[in-house]
Amino acid sequence: MITNADFLALEGEAGDYTAKLNIRPRYIDADACTACGLCTQYCPKHHSDSYNEGLSITRPIHIDYAQAVPATYYIDPSSCMFLQHDTCQICVPVCQSHAINFSQKPEARDLKIGAVILSPGFGKIAESTLEKFSYGKHPDVVTAYEYERMTTASGPFLGEIKCFSDGRHPKSMAFIQCVGSRDLGCDNGYCSSVCCMYAIKEALVTKEHDPEVDITIYYMDIRTQGKDFDAARERAENIGIKFVRAKVADVTPWDNHLKLTYSTLDGQHKFDAHDMVVLSVGLESPKDAQKIADITKIDLNKYDFCKTGTFTPLETSKKGIVVAGAFQGPKDIPESATQASGAAALAAVTLKKQRGKGTVLKEYPEELSVTDEDEVRIGVFVCHCGINISSVVDCPDVANEAGGMENVAYYTENLYSCSQDAQEQIKQTIIDKKLNRVVIAACSPRTHEPLFQETLKDAGLNRNLFEMVNIRDQCSWVHANEPEEATQKSKDLVRMAVHKAAHIQPLPEQTVPVTPKALVLGAGVAGMTAALSLADQGFPSIIVEKGDKVGGQMLNLKNTLNGESIAAHLKSLTTKVEKANNIEVMLNSELVETAGFVGNFSSVIATGKTKKKKETTYDHGVVVVATGGHEYRPKMYELGKSKKVCTQQELETKLEGRAKNRAPNSIVMIQCAGSRGDDLGYCSKVCCNHAMKNVLKIKEINPDSQVIVLYRDIRTYGFAEDAYLEARKKGVIFIPYEVDRKPVVSSKGTKVQVDFFDSIMQEDVSMTPDLVALSVGLVPNSTDELSKLLKLPVTANKFFLEAHVKLRPIEMAVEGVYVCGLAHGPKPIDETIVQAQAAAAKAAMPLVNGKVKVDPIVSTVDQEDCIGCGICTSLCPYGAITMVKIEKKRKAFTIAASCKACGICAAHCPTFAISMGGFTNEQLISQIEAFGNKKEKVEA
Amino acid sequence: MGKAMIHREGAVMILGGGIAGIQAALDMTDLGYYVYLVEKSPAVGGVMAQLDKTFPTNDCSL
Amino acid sequence: MSDNEFSPKILGFLCNWCCYAAADAAGVSRFQYPPNMRTIRVMCTGRVDPSFILKGFLEGADAIFTGG
């Protein structure tokens, strides 16, 4: 990890690039800095805190936020007294670990690399665009970023929302959408895709702070097209957040209020006063986009984002350089994370030959055996953490107390237990004093346990013979004014840890070998792309397809919105799959049985019709679920009854044909037919784009055709907004309808009649168009059986549910199973391809490794005590416990590789036959007993 | 690592340490490659580190 | 500690992934709270067997806190 670095140049070609960097000095030695924060307290100079959007003051020597990585402070040279004026240097003697070093110089560095992933993020909308909303003129107009920091509990105002003008709590707030997006005035014609979501989120958070606040969101279209996002919008509406479809012309200060002037759909101008205005600012291309493009010689699109194609969504115009995140186009967190994984898959293919060459293996001394017979020798190390702990807790007292405890063979204090020299000292002490358990009282095990366990390993001890006591984050820092109680608490916690430590047993480091093959379910664009990516990375797979040909939903589509031929892409994809010697496609086949766990699945695949069914058994390490979806046909709007009513998909096929009258003179389209509250509760994300594609095609064939699109929200997010604008320019009429006033379609003989309320003209309209096209939603192909077969959870809408909607959008809760494409949720083809590539990256991980490492904190079943009741099996959320027959008796058995160490099984086992490594009943009970021990003392 | 320039084969450079960059770096490491994660500012995390909660579940983002 | 004032002894079971992390975060933010709790870290509150809670009370806890 190289931070504080500028990217200067890139030479060479794919597989052999040299990147030139300039690393700016931090003026603080990263290895020595303990992030204690003393320097910031002493630094006399003020510095605007950019992490808090300039809402608070920090010092030139600081860290952006406590959890920053690297957790090293830095000096901002722009305001440091020494670096600017050669004075001060107060920080240098303050730092107890002598980390401050003003002699650091910028360092030039060349990196030899094979591939580049560009993920520079996005830029911010220029302040000049915000001026018309009185931003900068009135303090109570803030951007959504500033507002985010204001509402944050750990932010500069501790989450208290106040007007900057006079400190009052705002009672009436306005969110203005599309600031700097969908706005040709600032050359940002695209939709930023995320602002509707964050505005709703911030509005909901505001309501949590103060339910009385009156909140209005002024919008053009609410674009909550993501998976299950519409539900959040409904939640917002239900708790009283108002949504007003209007374009805000300007915001003017009005006493200590702000006056909004806006025009609604029916052409009226209205005014409203609010206490605070939040601008939902869009995402712009990163500030240095042009510079990056110049250095790497990649092409940018007209908005200065990285240019990519629908079928190659992550590839730049230069080989070996891929892109991920908002630089590819505005997008949210899960999509960025997905793109990142997809980009990793592409980069991995470029680098395939060098896999594993860059990784460094560390060697450890042979592990000493520690058994029950051995005398327990615990070493207790109490850390001062500079003055972080010792200024509150009496560390020598704690250490002495520990020294008197049973089984403690050695005790000492360290100034910084985590420092290099202390580590060496601990290691030596373990060896010299023959310690076989180590207790360290310091900071949090969540951050430092791995470091100390490493030290144990270096000393030849099993890394689990370790227990950490948190006397900083959960003691000295939170009881700063009660040193006596804090010291007592530290003693108690140390005693509890020592008692637990006495019962700790070494746990073996288990690994399980992997079958380096994949099973891909579904041969649509998602399945084939994933299989190809895996093949390119060197892993064979079998694609199981229910139907009698490959292609899936692609077979029903002709062109993309950008005019690229889907059929051509399907053909090239199919050819590649056929040519790949490590992909086998099984048509007319279904998965009927799967057993095993990540790395070691065994599946039975049935081929053919019921009577002549042929079964094949296949061993594989991972599963990619790409079972796809299809168009939903709602029983409404005369679909299937009138010949003049069709779906967008049918219209697309028709438009591609040669029929003379394929683009008739009068067409009405109805969006959200059967979606968003009717049969399907959700937005299908693709239908608006699909409608735009057809509309533009119609206008191309028959420019005189009158096309009316009846919609609820047009969701042409991202760059698809261009198509929406073009459709409007070509004379397509867009009329919104309310959900309680839906259009009515009736057929009279061969004619079809559409009645609707024109919300622009404010009148009822009745017409008999030549054609009615319905934008219907997408539903997943049946997920019921598969979800039972593989124990995969599904959402209320029957799509597969990912492990974490934000951070693990590809992985399923069951390890070794990954999902992509329509089986995960409705999405357009480019996003499906990204997901498939990401799934391939994720799926390749256990295969690359060759073995799955098992965290030793897993459940183990004592076969003797187990009565085979099966409670644990039914409760395990990860399918990690199975029942096996041992000597004709049913016994529970833990699949260590799947176990997540939650301990539900152990807590529910009626015979206490299940125990958790590192958290055994014995250990926890002795910890509780040690807790009680103190009580007696206090009473005595 | 010392002063000596270490020649790493099979390395990838990731430009930008936001959520996309970090995720890509983690994935590349898990796929067995050496990663240089290059970030302009003093810490990785990008914009996501500034966010308090995330839509739609309002989970904590850090 | 004054004898008149009731100062409860609390035993806490904290989930490593959320509540324990939150307690760390409270420390990072220097939030101050009464020093009455003694915590036991578990990998998930699912691990907390009802018997642990009973045991805690038997050992003299005035209250048990489980966070996860």
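Hydrogens, waters and symmetry mates are skipped; everything else that's a heavy atom, side chains included, is used. Given the structure is predicted, the values throughout are model-derived calculations rather than measurements. Here is the naming used below: chain letters follow the sequence lines, and residue numbers restart at 1 for every chain.
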Which region of [X], side chain (C-beta onward) or backbone (N, CA, C, O), has a non-hydrogen atom less than 4.5 Å from a non-hydrogen atom of chain B, or is it both or neither?
X	result
A/Y17	neither
A/A115	both
A/D6	side chain
A/L118	both
A/I292	side chain
A/K842	side chain

Sub-4.5 Å side-chain heavy-atom contact between [X] and [Y]:
X	Y	result
A/T3	B/S41	no
B/E39	A/N4	no
A/V116	B/V12	no

Specify the closest pair of heavy atoms between [X] and [Y], including all atoms of both residues, with the distance to one decimal.
X	Y	answer
B/G16	A/S119	O-OG, 3.0 Å
B/Y36	A/R109	CE2-NH2, 4.2 Å
B/A20	A/G325	CB-CA, 3.8 Å
A/A340	B/Q23	CB-CB, 3.5 Å
B/G32	A/V848	N-CG1, 4.4 Å
A/A344	B/A24	CB-O, 4.2 Å

* Structure fact -> Ranking B/P42, B/G21, B/G18, B/G17 by heavy-atom pairs under 4.5 Å to chain A gives rank one to B/P42
* **Winner by heavy-atom pair count (cut-off under 4.5 Å) against chain A, out of B/L26, B/I22, B/L37** => B/L37
What's the separation between atom [atom1] in [X] and atom [atom2] in [Y], rounded to the nearest 0.5 Å?
X	Y	atom1	atom2	answer
A/S336	B/I19	OG	CD1	7.5 Å
A/I113	B/Y33	CD1	OH	14.5 Å
A/M1	B/I14	CE	CD1	12.0 Å
B/Y34	A/L351	OH	CG	14.5 Å

* salt_bridge(B/K40, A/D288) N-O dist < 4.0 Å -> yes
* Top contributor to chain B interface from A/F122, A/Y73, A/Y74, A/F327 [non-hydrogen pairs under 4.5 Å] -> A/Y74
* Structure fact -> If you tally heavy-atom pairs under 4.5 Å between each of A/G121, A/A838, A/A326, A/A337 and chain B, the highest tally belongs to A/A337
* To do: Start with the C-alpha gap between A/M845 and B/D27, add the side-chain angles, then the distance that decides, and say whether side chain to side chain contact (heavy atoms under 4.5 Å, CB included) holds.
  => CA-CA 8 Å; A/M845 285 170 195; B/D27 288 354; 3.1 Å; yes
